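One structure below.
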Amino acid sequence: MSLGYAEKLSFIEDVGNVGMTEHFDPSTILREKIEQLAIMIKKSKHLVVFTGAGISTSCGIPDFRGPKGIWTLQREGKALPEASLPFHRAVPSLTHMSLVELEKAGILKFVISQNVDGLHLRSGIPREKLSELHGNSFMETCPSCGAEYFRDFEVETIGLKETSRRCSDAKCGARLKDTVLDWEDALPPKEMNPAEKHCKQADIVLCLGTSLQITPACNLPLKALRGGGKVVIVNLQTRPDRSHQSGLVPNPIPLSWLFWPSHSSVTERHNLGFLGFPVPCRANGRNDRKTPKDKNASLVIHGFSDKVIAGVMEHLNLRIPPFIRIDLFQIIVVHALSNDKRYVNWTLQVASSHAQKAALPFIKSVEVSFSDKEGFKEAILDKQPFRLKRRTAYNKTFEMVLNLNFGEGCGCSSLEVDVPIDFMSSTDCFNFDKDVIFQKLRDKAVFESKCGQNAVIERKTILSPRSDITTYAIVTNVVHYSKPVPDSLTNCDLKKRKDIMIGTGSSWKRSKVSKGKSISKKE
């Protein structure tokens with residue numbers, strides 16, 4: 001989870017169980033269980049996957065309750081872990097991309113996630129086949145028309161609060177809200193209802209990287225049992241044994257909560273569960289070190305999700321697709337004639353395509369130069385908004401050369417874009433099919449195994465103030481995943497192994513083109 005997300009949550013005194021120990025199956029047993037799981041999935045008619053923070057730890061995103069989880073370290077008075085990458089540049093894990101392939105193969109029918117990192121959507125899981133129970137740190141939604149906006153930046157608020165942006169639908173314009181739940185927020189029916197429906201239909205619910213403690217979400221997989229379905233759990237964490245401390249039972253809860261009224265609402269039960277406590281029933285004095293739902297599972301695998309799923313993909317003879325990230329940015333030129341009609345006052349801005357005042361998180365700075373150096377001064381824009389104001393003769397044509405320097409987490413360091421300027425001629429407007437262009441960029445990136453490929457996807461003109469806006473798409477990450485981990489590699493060894501390779505490419509240059517065309521070439 002994002003360290004920023006943890007800081008935004010409302011303060012509570014007790015977050016429940018933390019410092020959960022990890023248990024690894026011996027390699028021989030692990031191989032047998034992986035093969036058993038692969039056979040179950042192959043026979044499955046309605047596979048549902050239920051995911052938790054454990055599938056994102058290999059992406060550099062710390063969990064909450066593990067040995068080095070955020071709340072574990074806080075309780076121990078230790079410094080929080082350093083993020084290996086900015087949260088908005090996190091790359092999907094091998095597990096994320098394997099789920100994408102399983103969905104495309106028609107095997108995986110639905111994904112239910114407790115994570116707010118947005119990596120399922122970013123990896124390519126269709127929105128209609130995904131329930132994000134606790135929200136998405138990169139998603140805004142319109143409470144009026146229901147439109148959703150998946151951002152390349154982390155939304156600044158949580159708790160279903162209003163943000164600073166509005167719905168882009170001209171007929172709506174309502175203020176948007178974030179989608180991430182705070183402690184007191186109930187699970188949204190929009191996410192909960194399809195999740196419950198698919199769990200009831202499932203013949204297998206595969207739980208990956210979750211200790212299944214947060215209610216009512218943790219009870220969703222059990223709904224498959226009523227229809228004859230099976231639950232499979234892949235997780236490392238076990239419940240801490242504290243029964244030796246002053247006679248405490250596992251997961252101690254306040255005495256006043258031990259007898260929960262039968263008429264209590266789902267919202268109340270969710271609130272208590274979100275604090276890390278089980279929904280109260282009778283106290284149990286057993287020293288149970290298993291995940292709470294282990295007894296209901298047909299198969300429990302103690303291993304890294306990446307290793308288990310890699311083995312499953314090998315048994316199913318399915319490839320793990322590469323991850324291709326495509327980001328958008330806009331180049332905006334606003335211009336107006338001077339009173340004497342001899343000069344043009346113009347402003348260049350390199351901006352986000354998501355919203356007018358949104359940050360552009362993946363660009364660090366912009367270097368501006370000109371092909372005709374006479375009378376033009378070069379500039380370096382290193383603070384957002386990236387904006388340059390100039391005044392030139394109305395009849396003068398020239399070409400700007402923009403060198404965009406990318407930030408941490410991007411697979412290529414820079415991109416060079418040529419921007420021809422002619423204030424006397426009109427701008428050709430067009431709007432290409434974004435999906436078609438994206439697929440061409442992905443295909444080229446996979447073929448070349450590098451990032452930096454780019455294309456113009458839209459050009460439009462706004463009359464007041466006169467603005468020419470060009471939207472670009474660029475491949476900023478190409479991630480290849482290694483072949484399934486060999487049997488000789490143990491669970492513990494996987495921590496030391498890198499399963500992904502971030503595509504390289506020092507810089508890319510875009511050739512000089514006429515308006516309405518876009519050609520990319522490597523420098």
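Everything quoted here is computed from the prediction, not taken from an experiment.
- Val231 is listed as a side-chain neighbour of Cys207, based on a closest heavy-atom distance under 4.5 Å.
- Note on ring orientation: taking the six-membered ring where Trp is involved, the planes of Phe110 and His198 are parallel (angle under 30°, cut-offs 30° and 60°).
- For the atom pair OG of Ser27 and NZ of Lys307, the computed distance is 8.0 Å after rounding to the nearest 0.5 Å.
- Formation of a donor-acceptor pair under 3.5 Å by the Asp152 side chain with backbone atoms of Leu360 is not found in this model.
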Please test Gln213 against Cys218 for side-chain contact (heavy atoms from CB on, under 4.5 Å), starting from the C-alpha separation and ending with a verdict. CA-CA 6 Å; Gln213 292 194 74; Cys218 69; over 6 Å; no
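- Across Ile41, Ile34, Ile39, a single residue satisfies side-chain contact (heavy atoms from CB on, under 4.5 Å) together with Leu37, and that is Ile41.
- Tyr149 places no side-chain N or O within donor-acceptor distance of the main-chain N or O of Leu176, the cut-off being under 3.5 Å.
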Report, one line per pair, each donor and acceptor closer than 3.5 Å where one atom sits in a side chain of residues 316-330; sequence neighbours left out.
unit_1 : atom_1 : unit_2 : atom_2 : d
Arg325 : NE     : Asp327 : OD1    : 3.3
Arg325 : NE     : Asp327 : OD2    : 3.3
Arg325 : NH1    : His88  : O      : 2.8
Arg325 : NH2    : His88  : O      : 3.4
Arg325 : NH2    : Asp327 : OD1    : 3.4
Asp327 : OD2    : Arg89  : NH1    : 2.9
Asp327 : OD2    : Thr476 : OG1    : 2.6
Gln330 : NE2    : Thr471 : OG1    : 3.2

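- A donor-acceptor pair is defined here as one N or O able to donate and one able to accept, closer than 3.5 Å; such a pair exists between the side chain of His96 and the backbone of Ser93.
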side-chain contact (heavy atoms from CB on, under 4.5 Å) between Ser113 and Thr51, intermediate numbers included: CA-CA 5 Å; Ser113 182; Thr51 66; 3.1 Å; yes
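- Val478 is not listed as a side-chain neighbour of Val446, based on a closest heavy-atom distance of 4.5 Å or more.
- No donor-acceptor distance shorter than 3.5 angstrom exists from the side chain of Arg122 to the backbone of Pro92, with no hydrogens or angles considered.
- Residues that satisfy the side chain to side chain donor-acceptor pair (under 3.5 Å) test with Arg165, not counting sequence neighbours, are Glu140, Glu156.
- Rounding to the nearest 0.5 angstrom, the gap separating the OG atom in Ser365 from the CG atom in Leu381 is 8.5 Å.
- At a threshold of 4.5 Å between non-hydrogen side-chain atoms, the residues Leu85 and Glu408 count as touching.
- The two residues Pro221 and Val205 come nearest to each other via the heavy atoms CB-CG1, 3.7 Å.
- The distance from the OG atom of Ser305 to the CD1 atom of Ile55 is 7.0 Å, given to the nearest 0.5 Å.
- Using modelled atom types, one finds no donor on one side chain facing an acceptor on the other under 3.5 Å when comparing Thr179 with Asn136.
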Could you walk me through whether Met139 and Phe150 pass side-chain contact (heavy atoms from CB on, under 4.5 Å), step by step? CA-CA 5 Å; Met139 184 76 76; Phe150 190 39; 4.2 Å; yes
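- When every heavy atom of Pro194 is checked against every heavy atom of Pro189, the shortest pair comes out as CD-O, 3.8 Å.
- At distances below 3.5 Å, not a single donor-acceptor pair connects side-chain atoms of Lys364 with backbone N or O atoms of Pro361.
- Under a 3.5 Å cut-off, the side chain of Thr210 and the backbone N or O of Leu212 do form a donor-acceptor pair.
- Side chain of Asp117 to backbone of Leu119: a donor-acceptor contact under 3.5 angstrom is found.
- The heavy-atom pair separating Leu133 from Leu181 by the smallest distance is O-CD1, 3.6 Å.
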Would Phe406 and Ile474 count as a side-chain contact (heavy atoms from CB on, under 4.5 Å) here? Give the steps. CA-CA 11 Å; Phe406 298 126; Ile474 177 173; 3.4 Å; yes
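- Interatomic distance, Ile125 CD1 to Lys104 NZ, rounded to the nearest 0.5 Å: 9.0 Å.
- A pairwise comparison of heavy atoms in Cys167 and Ala147 identifies SG-CB, 4.5 Å as the closest pair.
- Interatomic distance, OG of Ser352 versus CZ of Phe386, reported as 11.0 Å (0.5 Å rounding).
- Taking the side chain as every heavy atom from C-beta outward, Val49 and Leu102 never approach each other to under 4.5 Å.
- Although no hydrogens or angles enter the test, the distance criterion places no donor-acceptor pair under 3.5 Å between the side chain of Ser123 and the main chain of Met97.
- Looking at every heavy atom in both residues, Ala359 comes nearest to Phe153 through O-CD2, 4.2 Å.
- Judged as a salt bridge (Lys or Arg N to Asp or Glu O under 4.0 Å), the pairs with a partner in residues 188-197 (not counting sequence neighbours) are, in order, Arg127-Glu191, Glu148-Lys190, Glu196-Lys200, Glu196-Lys223.
- Taking each heavy atom of Leu187 and His134 in turn, the nearest pair found is CD2-CD2, 3.6 Å.
- The side chain to side chain donor-acceptor pair (under 3.5 Å) check on Gln439 picks up Asp443, with sequence neighbours excluded.
- Using a distance-only test at 3.5 Å, with no hydrogens or angles considered, no donor-acceptor pair links the side chain of Asn405 to the main chain of Val366.
- Atoms NE2 and OG1, on His120 and Thr95 in that order, are 9.0 Å from each other to the nearest 0.5 Å.
- Using modelled atom types and a 3.5 Å distance limit, the side chains of Thr163 and Thr157 yield no donor-acceptor pair.
- The salt bridge (Lys or Arg N to Asp or Glu O under 4.0 Å) analysis of residues 350-361, with sequence neighbours excluded, yields no pairs.
- When atom types are taken as modelled, the side chain of Asp182 and the backbone of Glu184 share no donor-acceptor pair closer than 3.5 angstrom.
- Residues meeting the side chain to side chain donor-acceptor pair (under 3.5 Å) test with Lys33, sequence neighbours left out: Asp25.
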